[in-house]
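Reading through the structure tokens given below for one structure.
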Amino acid sequence: MGSSAAHQLKQLKPLYQHVVNNFVAVLAAPLAVAAVVNAARVGPDELLGRLQALRAVHVFFAVFVAAAAVTLYVMLRPRSVYLVDYACFRTRPNCRVPFATFLEHAKLVTFVEGASIDERSVRFMTRLLERSGLGEETCLPPAHHYIPPYRNMEASRAEVELVIFSAIDDLLAKTGISPRAIDILVVNCSLFAPIPSFTDMIIHRYGMRPDIRNVHLSGMGCSAGLISVGLAKNFLQVAPKGAHALVVSTETITPNYYVGKERAMLLPNCLFRMGGAAVLLSTSRARARFRLARVVRTLTGAQDSAYRCVFQEEDGEGHRGINLSKDLMTIAGDALKANITAIGPLVLPASEQLLFALSFIARRVLNRRVKPYLPDFRTAFEHFCIHAGGRAVIDELQRSLGLSDQDVEASRMALHRFGNTSSSSVWYELAYIEAKGRMRRGDRVWMIGFGSGFKCNSAAWECIAPARTAEGPWAESISRYPVDIPEVLKH
Ligand SMILES: CC(C)(COP(=O)(O)OP(=O)(O)OC[C@H]1O[C@@H](n2cnc3c(N)ncnc32)[C@H](O)[C@@H]1OP(=O)(O)O)[C@@H](O)C(=O)NCCC(=O)NCCSC(=O)CC(=O)O
């Protein structure tokens with residue numbers, strides 16, 4: 001097709017979208033006009049006569065059946081779930097790891113007895129950092145600032161308490177909710193699962209009710225935050241109306257500093273940083289800021305490569321770490337395809353679904369000579385929060401979904417300012433969009449999480465009331481963002 005024809009088609013697209021997306025109105029309008037014209041032709045006396053001729057039993061059944069159908073629909077439809085508010089852990093300057101500090105520290109760890117990490121590993125990490133998309137203000141837990149880094153239970157617990165209690169304190173202060181009013185508690189953290197669990201730590205600290213339903217998810221990867229949201233939603237829909245669920249998403253970095261020299265296991269040292277988020281959900285709309293429209297979970301773990309692509313293991317010398325496969329981007333792309341196939345029909349407007357269906361049929365009929373139509377998800381969402389897994393992960397998603405630089409700005413900036421904060425990264429991104437004042441009432445947000453398994457999970461939200469202030473994790477830095485992120489950082 002010539003470029004001018006393509007240009008003309010592009011110009012016609014808004015008209016096509018308008019007609020298809022308002023199909024019912026387009027169809028109903030002439031029918032309504034025809035009915036009015038017909039009624040005017042017949043005249044009021046004949047109309048009244050026709051109505052009087054109807055038998056009472058018919059009128060009764062017509063009203064009764066319609067009323068019964070509406071009542072049944074209202075009673076059986078799942079209860080809506082709302083986001084009351086959320087708070088992200090605000091990192092502190094004393095935990096900051098500029099590149100020079102991180103690398104100097106790694107160099108000193110090479111002298112630590114038992115560590116295998118060497119000069120070559122440090123040079124490799126230098127190259128990775130330069131390309132990672134991380135900035136100079138990301139934070140590591142206090143225990144990692146020691147030489148050698150503390151990786152014991154006490155230090156790990158200290159990080160958990162610092163991150164999750166700070167986030168929960170902020171959330172409780174913001175919402176004014178009493179900890180005893182919380183009915184459901186869901187926490188996710190993949191790599192650290194102590195006894196007692198995180199939920200026990202929270203219940204103990206805040207003196208929560210003995211009948212609170214609580215679950216700790218471990219080992220579920222970076223997309224587990226959206227699994228927690230889905231789980232809390234299920235709990236809420238069977239709890240009494242107006243119940244509250246607290247969801248806490250974090251990753252504990254302290255026990256996971258890798259001291260070997262496997263490249264694929266050194267990568268997490270460079271990417272993962274401290275972070276966490278606390279989120280309050282409810283089935284009451286009062287004071288809610290977002291409505292949860294959808295949660296869609298997909299898993300490609302039946303395939304070996306997908307299952308093994310984020311793998312906690314010990315290297316040949318017995319050092320434990322997370323092995324990130326070089327195939328991760330391809331696997332993430334496949335997982336995304338599975339997820340958009342599931343969520344697309346639920347969120348896309350009719351115009352996009354029709355184009356997708358036509359391209360599907362054309363491909364079948366013409367034996368795959370037609371390029372598959374990639375639905376434009378910007379017709380379904382105004383904002384995108386893509387897990388800040390790494391620069392290449394965001395690049396891959398931007399390419400696969402055909403998003404603009406502004407669509408992925410929140411993800412790139414969250415990666416730059418906070419690093420890969422695992423399951424909480426999507427909340428830092430939502431906070432970025434709100435701190436920039438870009439969220440409007442009625443805007444739709446798509447959160448996409450990726451993680452070990454391999455999983456791709458989505459949550460779709462609709463804004464009811466944007467944040468009134470720019471308080472939160474971006475309070476001190478939002479005026480400096482967005483920043484330019486070069487492919488490779490030049491010194
Ligand atoms: C690391 C990068 C920033 C590097 O960026 P570039 O594209 O510029 O560079 P590159 O790909 O050429 O890589 C630079 C050098 O690193 C090496 N390299 C890259 N990835 C590697 C890997 N997984 N294992 C071993 N080596 C690796 C390359 O071979 C190359 O070395 P040489 O030049 O010698 O050949 C990027 O690849 C990236 O963002 N990767 C994704 C990181 C990731 O997996 N994130 C998900 C985390 S898991 C998660 O978030 C979810 C969860 O845990 O559940």
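When a ligand or atom number is given, it counts from 1 through the structure's own listing order. Excluded from the calculations below are hydrogen atoms, water molecules and symmetry mates; all remaining heavy atoms, backbone and side chain alike, are included.
- Selection from Gly451, Gly449, Cys222, Ser425 by nearest heavy atom to atom 49 (C) of ligand 1 gives Cys222.
- Close contacts of ligand 1 with Phe450, meaning ligand atoms under 4.0 Å from a residue heavy atom, involve 51 (C).
- Close approach to Ser325 involves these atoms of ligand 1, each under 4.0 Å from a residue heavy atom: 23 (N).
- Atom 29 (O) of ligand 1 is flagged as protein-proximal [any protein heavy atom, distance under 4.0 Å].
- Aromatic pair Tyr257/His144: centroids less than 6.0 angstrom apart.
- In this structure, the side chains of Arg273 and Ile253 stay at 4.5 Å or more apart for every pair of heavy atoms.
- Leu246 places none of its side-chain heavy atoms less than 4.5 Å from the side chain of Val279.
- There is a side-chain donor-acceptor pair under 3.5 Å between Glu352 and Tyr373.
- Under 4.0 angstrom from ligand 1, there are no non-hydrogen atoms of Ile322.
- In terms of polar-atom proximity, Leu267 is not counted as a contact of ligand 1, lacking any N or O under 3.5 Å from an N or O of the ligand.
- Protein heavy atoms are found less than 4.0 angstrom from atom 47 (C) of ligand 1.
- Taking the side chain as every heavy atom from C-beta outward, Phe381 and Asp407 never approach each other to under 4.5 Å.
- Here the side chains of Leu217 and Ile227 are in contact, with some heavy-atom distance below 4.5 Å.
- Those atoms of ligand 1 with a heavy atom of Arg127 less than 4.0 angstrom away are 15 (C), 30 (C), 31 (O), 32 (P), 33 (O), 34 (O).
- Scanning the protein for heavy atoms near atom 39 (O) of ligand 1, the closest one is Ala392 N, 3.0 Å.
- Residue Phe272 has at least one heavy-atom neighbour below 4.0 Å for each of these atoms of ligand 1: 48 (S), 49 (C), 50 (O), 53 (O).
- Not a single heavy atom of Glu262 lies less than 4.0 angstrom from ligand 1.
- Annotation: side chain of Arg297 is not in contact with side chain of Leu226 (no heavy-atom distance under 4.5 Å).
- Close approach of ligand 1 to Gly221 (heavy-atom distance below 4.0 Å) involves ligand atoms 54 (O).
- Within the listing of ligand 1, atoms 42 (C), 43 (C), 45 (N) sit less than 4.0 angstrom from a heavy atom of Leu271.
- For the pair Ile202 and Val248, the minimum side-chain heavy-atom distance is below 4.5 Å.
- One finds a salt bridge joining Glu313 and Arg308 here, because a Lys/Arg side-chain nitrogen approaches an Asp/Glu carboxylate oxygen to under 4.0 Å.
- Protein heavy atom closest to atom 10 (P) of ligand 1, with residue, atom name and distance, is Arg131 NE, 4.4 Å.
- Looking at Trp474 and Glu434, their side chains never come closer than 4.5 Å, going by heavy atoms from C-beta outward.
- Close approach of ligand 1 to Val310 (heavy-atom distance below 4.0 Å) involves ligand atoms 53 (O).
- Ligand 1 has at least one atom lying under 4.0 Å from a heavy atom of Met329.
- Distances below 4.0 Å separate heavy atoms of Gly390 from the following atoms of ligand 1: 39 (O).
- Residue contacts with ligand 1: Gly389 is placed with a nitrogen or oxygen under 3.5 Å of a nitrogen or oxygen of the ligand (distance criterion only).
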